[in-house]
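Notes follow once the structure below has been shown.
Every chain is numbered from 1, with letters handed out A, B, ... down the list of sequences.
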Amino acid sequence: MTMKTDPNKLRTVLVTDCGSTTTKALLFERKEDRWHQTFRGEAPTTVEEPTADVTIGAVNAFTEVQELSARAIVREGEVPFVLTEGDPAQGIDLYLSTSSAGGGLQMLVAGVVHNITTESAERAALGAGAIVMEAVSADDGREDYERIEKIRHIKPDIVLVTGGVDGGATSHVVEVAETLVAASPRPRFGDTLKLPVIYAGNADAAEGVSSILSKRAHVVVVPNVRPSLERENLGPAREAIHEFFLSHVMSHSPGYGKLMSWTPVPIMPTPAAVGDIVQMYAKQTGQNVLCVDIGGATTDVFSVFQDRAGEHIFNRTVSANLGMSYSVANVLVEAGVSNIARWLPFELAETDLRDRLRNKMIRPTSIPQTLEDLWLEQAVCREALRLSLDHHRSLAIGLEGKREKGIGDVFKQASDRYELVDMMKLDIAIGSGGVLSHAPSRMQAAMMLIEGFGLQGVTQLAVDSIFMMPHLGVFASIHPEGAREIFENDCLIHLGASVVPVYSAKKGRSNTLAHVLCDGQLLGMIQVGKVSRLVTKATGRAVLRIVPEHASIDVGAGPGEEFEREIMLGECGVICDGRNRPIVFSERCAEAQSQVFKNVGLIAEDSCV
Amino acid sequence: MSNALTPALAVTSRTTLRRRRDLPIPGEILVREGDVVQGSHVVARALLEGELRLVRAAELLGIPAEDVAAALKVRIDDDVTEGAVIAEVRGLWGLFKSTVLAPMSGRIEFVSSSTGHIGIRAPSRPLDLPAYITGTVVVVDPNRSVIIESECTFVQGIFGVGGERQGRVRILSISPTTAVTEEAIPSDISGSIVVGGHSPTIGALRKAAALGAVGFITGSLDDRALREYLGYDIGVALTGDEAVSMAVIITEGFGSLPMSTRTFDTIKLVEGEIASINGATQVRAGALRPEFIAPRGSSASALPCHGRGLDVGERIRVIRVPFFGATGQITELPHDLERIETGAHVRVLRAILDDGRQVTVPRANVELLQREAAST
């Protein structure tokens, strides 16, 4: 018996995501109506000493699914699965997995011009699911020795070298290769192996770069990520990253050789799988999507936005040190105390705030017991979202399709870059990670997304129910339709929509910014500076119409224009935020935030918080 | 995954502990199985490849990259000394000479006709790997690593900064419940690991470091004192490489918490002995906590060690507000999830705190305390 990969024959699929701390197993089953996510089991990941074998944790997670589902799944043997034969109620048809254990895929990227080739290399690496440990450029302002010193001390899994457009000068990219040789970084795994290096730069320099690096590295050459100034070609580099991930990273990680033999489908890096499902959803629904996965150590942001040429462009960034437990103190360091405190509906002394977050850092599995402590964590989440979105916007760049001729090309290019992320054009924001998915109230999750991302216009809000996006991403590689059905019905929990008018000082004297109508019925009005929640009769699809009060008020369709669209509503209804963007905080922000919490029902009206 | 209990940190006066000492690259092992080593003994050595310096010869000589080869005064693999002429061109009628001097001693590794750069590799330098702990070499992996076993007193902290150090254990003459001020730091602590009190002021930390203490173990630390001691804010709990002369280890947490009696009493048993400490902390998967290891000397007595699970009657410490730092005894372990103030449904326990309060706390927010016992 072998596993099935024909989507028409699949009925039961077991999928794991082997994370740094937890291995999560999900069972997907084809029922009469559609595909469902039915059972879930989890166990500590066992990639570290003393067990140092990822399959032990995986089998523990399978066993939990088996116990909960009463379906025979696990058996003794080289491939530890009971495969479906006569009885469809027993066994599985296919096993799939993603992995981010051991810190995920860690890469070094190097290029010639920071905001041209190095940025393209970064986008290729991030899109393939990697964490970019360092990005070096010939023009990054550092001296040779500084660059070399920096590279010497990191142990990447893979290096991506790029530089130059095809047909351009070769000397600078050869220089980048020399810098790498000088630094001689060693691979993280298999210290007797040569470092995997992908060259994706000027094709004319490929031979020179290979000859310099080949003594110390295993070099593969792929087409240029930036064949011309106005065009990117990230696919071949991403495929090469994925191949090295399997052959050099996975196969040398503890137990992964065995895990890989259990599945006929290549194991995907977790963020790459999430990226795939986000892209699939954006493509199928034609929406601009922003998705965040905020974990304990890192925050990943994924987006799909239409560029000026009308093409949907996918981007992923990872903010490696913004997170809710291991990295919580780094959010404090990057955001500062006052930026966290401004989201609190109560006063908290700076010393207390700092010590509480430091204690969370050193005891990351502890949970908030009091509302105040919960609000502090959610304030940190807002800042982590803000900072990670800033980072994402800086890298999610569109390139103009116009080709400039002449010596000024390089300089011209810098001015032809534009931000792809346009918050006014964002259709749906999806939150994932414990602080959002498991917030005690859905309204808390909605407010974290609205305030953390600084949403504008009309945006649908959703959270991932139990973080199954990685599982769905790898499942989509075999059965896209099944993955879509589970994503829409079991994974996404629609919270509602936010409406945030943006206006200038000329908006007129009225305190009313806009009228909100749902399926033709007036729900209420949006007032200047006020946050309110408008309750809708039902959840599900509804036509939302927003009528601005003045020609200078933009509710998402342009200044003065009415907005009308069918959207998905949820238990939070329509949340109207009359605070202009960016929000201006008063000195008494605890009082103001307390009022916001009261208005949306997070604090009882008669509470004196 | 239902047991969310935060594992207790090890505090034991007698245990057998192994530490593996790995070379970063293959090298030479200098000890044999059965050898007894002190913490400072070098047990292995490796030669680290020297740095490579790029010399921009074409730019310095003002010639095209492809002409550098013709201007060379050395060949690939030649050894050169700092200041030696490695490339030279002569100008009109041979009158004006331009030269490139070696910026350091080393070996010529490459000459690039694409960039006109010359690469000089510095000589390899030895890396000595100390034993770190006093004990017996029990395993030798040729060219790679050794494992050292020690009969020792072993205490884990919750957070630390600074890497491996060895020093003599010096207990402060203040109680564990007293905050450490400058006045509490004695003057004769050079080479010592200072132990005691809690929440040292920045003045106390600086004084101890200035007097030559190599380590400071205390109950807790104020976030501000840590920031001032390091000169910067730590964002991620991944420490050990800080450029500080004195490693600092806290045993309880941030804020103002006295060192637990058991921890203090355990370290006090080895007062005056040479101990090894490491402030390195890594809270992520494969967690690494700071540690104190002292070989068990003949004068050391033992405190009984109890390895237990979460159960009614066990002593706990709460590690999160609103009862942060309080200790008490478990009275009930309800099976079903319960709703707590935040609205979340979680597994809880009930306990009676030492001040008499009866409380309900999430199980994720407690850690077990080992039973207190008098020294024997």
Side-chain angles (χ1 to χ4, degrees), chain A residues 20-22 42-45 47-49 101-103 144-145 148-149 152 170-172 174-175 178-179 181-184 186 191 205 208 212 296-297 321 325-327 329-334 351 354-356 358-374 438 440-441, chain B residues 1 4-6 24-26 49 51-54 56 65 109-110 112-117 119 121 158-159 220-224 226-227 232-238 250 253-256 281 283-287 319-324 340-346 361-362 364-367:
Chain A
S20 288
T21 52
T22 309
E42 58 184 52
T45 296
V47 76
E48 309 275 353
E49 296 286 355
D144 288 338
Y145 74 90
I148 291 166
E149 193 59 23
R152 266 178 103 90
T170 60
S171 62
H172 290 305
V174 174
E175 202 172 312
E178 284 175 357
T179 305
V181 170
S184 289
R186 284 178 298 123
D191 57 6
I212 289 171
N321 288 321
S325 57
Y326 308 108
S327 308
N330 202 55
V331 181
L332 170 70
V333 171
E334 288 200 22
T351 311
R354 283 178 168 277
D355 285 339
R356 283 195 201 194
R358 290 254 175 245
N359 282 315
K360 171 75 179 181
M361 172 185 81
I362 58 177
R363 291 183 168 102
T365 54
S366 66
I367 59 173
Q369 181 172 1
T370 64
L371 268 174
E372 283 193 359
D373 217 24
L374 177 74
H438 303 312
S441 110
Chain B
M1 295 297 286
L5 174 75
T6 301
I25 55 170
E49 190 176 50
E51 63 171 302
L52 188 137
R53 186 80 65 88
L54 293 178
R56 296 175 176 269
E109 185 160 307
F110 67 81
S112 169
S113 58
S114 303
T115 60
H117 294 172
R121 177 81 61 185
I158 188 76
F159 178 78
S220 53
L221 190 61
D222 184 271
D223 170 80
R224 186 188 301 172
L226 175 66
R227 207 165 2 122
Y232 58 91
D233 243 340
I234 281 188
V236 182
L238 184 62
I250 56 174
F254 285 90
S256 180
T281 308
V283 184
R284 283 200 76 172
I319 56 170
R320 186 104 189 199
V321 290
F323 310 112
F324 180 62
I340 57 174
E341 184 190 316
T342 60
H345 290 81
V346 299
V361 288
N365 291 358
V366 301
E367 61 189 15

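Side-chain contact between F110(B) and I212(A) is absent, with no heavy atoms from C-beta onward closer than 4.5 Å. Counting only heavy atoms from C-beta outward, the side chains of I25(B) and R186(A) approach each other to under 4.5 Å. Contact of the I319(B) side chain with the N359(A) side chain is not registered, since no non-hydrogen atoms from C-beta on lie closer than 4.5 Å. Looking only at side-chain heavy atoms (C-beta outward), R354(A) and D233(B) come within less than 4.5 Å of each other.
Interface remark: V331(A) contributes no atoms to any contact with chain B (heavy atom separation under 4.5 Å). For T170(A), no part sits under 4.5 Å from any heavy atom of chain B, backbone or side chain. Of the atoms belonging to V361(B), heavy atoms from both backbone and side chain fall under 4.5 Å from chain A. Proximity to chain B (any heavy atom under 4.5 Å) is shown, for T45(A), by neither the backbone nor the side chain.
Between chain B and the options L374(A), V47(A), L371(A), heavy-atom pairs under 4.5 Å are most frequent for L371(A). No other option in R152(A), M361(A), Q369(A) has as many heavy-atom pairs under 4.5 Å with chain B as Q369(A). Between chain A and the options R224(B), H345(B), E109(B), the largest number of non-hydrogen pairs under 4.5 Å is found for E109(B). For chain B, the option among S327(A), A182(A), G208(A) with the highest count of heavy-atom pairs below 4.5 Å is A182(A). Of the listed residues (H172(A), E334(A), E149(A), K360(A)), the one with the most heavy-atom contacts under 4.5 Å to chain B is K360(A). Annotation: maximal heavy-atom pairing with chain B below 4.5 Å, among A297(A), P368(A), S325(A), S441(A), occurs at P368(A). Interface check for chain B: of the options I367(A), D373(A), I148(A), N321(A), the most heavy-atom pairs under 4.5 Å are formed by I367(A). The candidate with the highest count of non-hydrogen atom pairs below 4.5 Å against chain A, out of S256(B), A65(B), A237(B), G116(B), is A237(B).
Electrostatic pairing of D223(B) and R356(A) does not count as a salt bridge here, judged by no charged N lying under 4.0 Å from a carboxylate O.
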Handout entry: Stepwise side-chain contact (heavy atoms from CB on, under 4.5 Å) check, E175(A) with R56(B)
Key = CA-CA 10 Å; E175(A) 202 172 312; R56(B) 296 175 176 269; 2.9 Å; yes
Practice task
Go through D144(A) and R53(B) one step at a time and tell me if the salt bridge (charged side-chain N to carboxylate O under 4.0 Å, His left out) criterion holds.
Solution key: CA-CA 8 Å; D144(A) 288 338; R53(B) 186 80 65 88; over 6 Å; no
Problem - salt bridge (charged side-chain N to carboxylate O under 4.0 Å, His left out) between R363(A) and E367(B), intermediate numbers included - result: CA-CA 10 Å; R363(A) 291 183 168 102; E367(B) 61 189 15; 3.1 Å; yes
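Not a single salt bridge (Lys or Arg N to Asp or Glu O under 4.0 Å) links D222(B) to another residue, sequence neighbours left out. Residues passing the salt bridge (Lys or Arg N to Asp or Glu O under 4.0 Å) test with E49(B) are R216(A), R121(B), sequence neighbours excluded.
Donor-acceptor pairing under 3.5 Å is recorded for the side chains of E178(A) and S112(B).
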